[in-house]
Every structure is written in structure tokens, then in C-alpha cells.
Amino acid sequence: MIYLKTDEEVELMRQSNNLLGMAYGEVAKAIAPGVTTAQLDKIAHDFICDHGGIPSCLGYEGYPCSLCTSVNEQVVHGIPSKDVVLRDGDIISVDGCVLMNGFQADSAYTFPVGNVSDDIMRLLRVTKECLYLGVEQAITGKRLGDIGATIQEHAESNGYSVVREFVGHGIGREMHEEPEVCNYGRRGNGIVLKSGMTLAIEPMILMGRRNIIIEDDGWTARTADRKPAAHYELSVCVRNGKADILSTFDYIKQVLGDRFF
Ligand code: MF3
Ligand code: CO
């Protein structure tokens, strides 16, 4: 069952996403060598709670934290820890959700920590391009496969690979609704997109081979070859002619200034 949202519901989703975006601005201020991922989790948790939201990853299927913090070869669902200290040259993917006024927000962002090598910066740029190219396909009358194929083509033509085990998803009153939004596929395949569908599009792109493993903590997904992974995510509403992006990286941009791309 795919729930089409009313304009009022879409505005509530924008508000939830705005709070998540503001929380990411606070996280962006803190990201630096020497900081632990547990500190980032606390910053996001407290900010979201102080502004009337619920950090809805906390307790979701037993997940123990408010953010997922995935460093370097970790792809998604890295668990924040006081033992994980960021170092110069790392990358960290931050992923979280906010529930507010009955509606979920979901977005993710991979940050460089200090000075990151050119080849890893290229992975970040291309992954963010994959996200926006996918978002451009989230318009009335296109098909789900158009999103996936567009993302896959951009990633693979740049020499990268696409994760198969995790996908984007519908979003609304629930964090995960139908449909699944794959980051791979074939143009012209899959369901036809309708105005009012709200989707979380989230390419997970790998510098090396596409295989991943799950660590013994039961959550952390990392690349089998230990090469780096990047992950960017936006929640969007399908509209005629142009997708309406409900999430925002604007607060991250304000903090990063010249370092934002
Ligand atoms: N934000 C994630 C997503 O994109 C969900 C994280 S799983 C959780 O779907 F357990 F941490 F919530
Ligand atoms: Co998501």
C-alpha cells in the first residue's frame, strides 16, 4: 500500500525534515579529529528532543542510538561509540530520523573529517551527484526503475559500485513505507510514480567491490574489501515536472562554508 500525502501532510514532513537538517548543522559544527561518534549522537539526540522532535531511530527494531554513524569502510548503521574517535582523513556518514507531528523525516550526509584525500573526495562528490540525479527522476509519470538506473549508471560510469542489500523507501507516518527505492535497476521498469508519493532516496556507493558484510553487533554494514563507502539521503515528494525536496542540507552548508560542495 502506497500512501499519497496531502499538501498539508507534505508540509508536516517538511517541518520534521527541517528539524533533522538543523540537528545535522549542529553535528557538522562538532565534526573534527578527536571527536567521538558517541558525542555526535548525543548532540543530535539532545537537539532533536529540545526542539519538539523524537529521534526515531532510537529503539527502532532495537537500534540503540539516535544516529547511525558509519566511518570509512562502514556503509550504514554504524553504532555511535565513545571508542570511535574521528581522525584526520576519515569520512563519516551520519544518518538519522525525526518524528514530529506524526510524520517522519529521513536524510543522511557523508562528511569529510579534516583533510581527506582527493580520491575519497571524488567518491563523496559522485555519490551526492547520484542522489540529486535520482531526485530529478522523482517526478510524476516516471517509474521507480528510472531512479535506480540513473543512480547506478552514474556510479558505475565513475568506476564505483552500488549496494544491493539496502535501499531507499517510501516514508510518511512510518519511517519505512512502500515502495522500496533501489539504487540500481532498469529504466522503464517498476511502478509509475504519482504526485504525492513521498520517497527517501539514499544511494550507498562504494569505491571498491559491491559486497558488504554485517559486523557481529548485528547492525554495522561495512564493505567486504574495506574500501570506503559514501551515503547521502533526501526525503522528497513526487510532483509534476520537479520533485519537491523536503529534507535540507542548508544548515550543513552554513556551517561548512567553503568546504561545502
Ligand atoms: N535512517 C535509516 C534509513 O535510511 C534507518 C536507520 S535504521 C535504524 O532507512 F535502526 F537506525 F533506525
Ligand atoms: Co532512509
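Both backbone and side-chain heavy atoms feed into the values below; hydrogens, waters and symmetry mates do not. Atoms within each ligand, like the ligands themselves, are counted from 1 in listed order.
- In this structure, K242 does not pair ionically with E136, as no charged nitrogen and carboxylate oxygen lie closer than 4.0 Å.
- Using a 4.0 Å cut-off between charged side-chain N and carboxylate O, R239 and D7 make a salt bridge.
- The proximity of C97 to ligand 1, defined as any non-hydrogen pair under 4.0 Å, is limited to the side chain.
- The Co ion (ligand 2) is the vertex of the angle joining OD2 of D106 and NE2 of H169, which measures 90° to the nearest 10°.
- Among heteroatoms of the N, O or S kind in E202, OE2 lies nearest the Co ion (ligand 2).
- Ion pair E165/R210 not flagged as a salt bridge, since none of the NZ, NE, NH1 or NH2 atoms sits closer than 4.0 Å to an Asp/Glu carboxylate oxygen.
- In terms of protein heavy-atom proximity, atom 9 (O) of ligand 1 is closest to H176 NE2, 2.6 Å.
- Residue H176: no N/O/S atom is found under 2.8 Å from the Co ion (ligand 2).
- Through direct or indirect side-chain contacts shorter than 4.5 Å among Ile, Leu, Val, Met, Phe, Trp and Tyr, I212 is connected to V75, V76, V163, F166, M204, L206, I214.
- Short contacts between ligand 1 and W219, defined as distances under 4.0 Å to a heavy atom of the residue, involve ligand atoms 10 (F).
- Between H231 and ligand 1, a contact under 3.5 Å exists for no N or O pair.
- The distance criterion of under 3.5 Å between nitrogen or oxygen atoms is met by E233 with respect to ligand 1.
- Salt-bridge formation is not detected for the pair K227/E73: no Lys NZ or Arg NE/NH1/NH2 atom is positioned less than 4.0 Å from an Asp or Glu carboxylate oxygen.
- Ring orientation note: the planes of F47 and H51 are close to parallel, at an angle under 30° on the 30°/60° scale.
- Looking only at heavy atoms of the protein, atom 2 (C) of ligand 1 is closest to D95 OD2, 3.2 Å.
- Closest approach between the Co ion (ligand 2) and any N/O/S atom of E233 involves OE2.
- Between R122 and D118 there is no salt bridge, since no side-chain nitrogen of the basic residue lies less than 4.0 Å from a carboxylate oxygen of the acidic one.
- Coordination check, D95 versus the Co ion (ligand 2): failed, since every N/O/S atom of the residue sits at 2.8 Å or beyond.
- Considering both main-chain and side-chain atoms, H77 never comes within under 3.5 Å of ligand 1 through any nitrogen or oxygen pair.
- In C68, the part holding a heavy atom less than 4.0 Å from any atom of ligand 1 is the side chain.
- I171 and A200 get closest at one heavy-atom pair: CG2-N, 4.0 Å.
- Considering only heavy atoms from C-beta on, M100 stays 4.5 Å or farther from L20 through its side chain.
- Q104 and H176 form no side-chain donor-acceptor contact under 3.5 Å, judged by distance and modelled atom types alone.
- If you check which protein heavy atom lies closest to atom 12 (F) of ligand 1, you get C57 SG, 3.2 Å.
- Counting protein heavy atoms only, atom 10 (F) of ligand 1 is closest to Y63 CB, 3.3 Å.
- Contacts with ligand 1 closer than 4.0 Å are made by no heavy atom of E61, backbone or side chain.
- By the criterion of a heavy-atom distance under 4.0 Å, both the backbone and the side chain of Y60 are placed next to ligand 1.
- Taking 4.0 Å as the cut-off between side-chain N and carboxylate O, D146 and R186 do not count as a salt-bridged pair.
- The protein heavy-atom contact nearest to atom 3 (C) of ligand 1 is D106 OD2, 3.2 Å.
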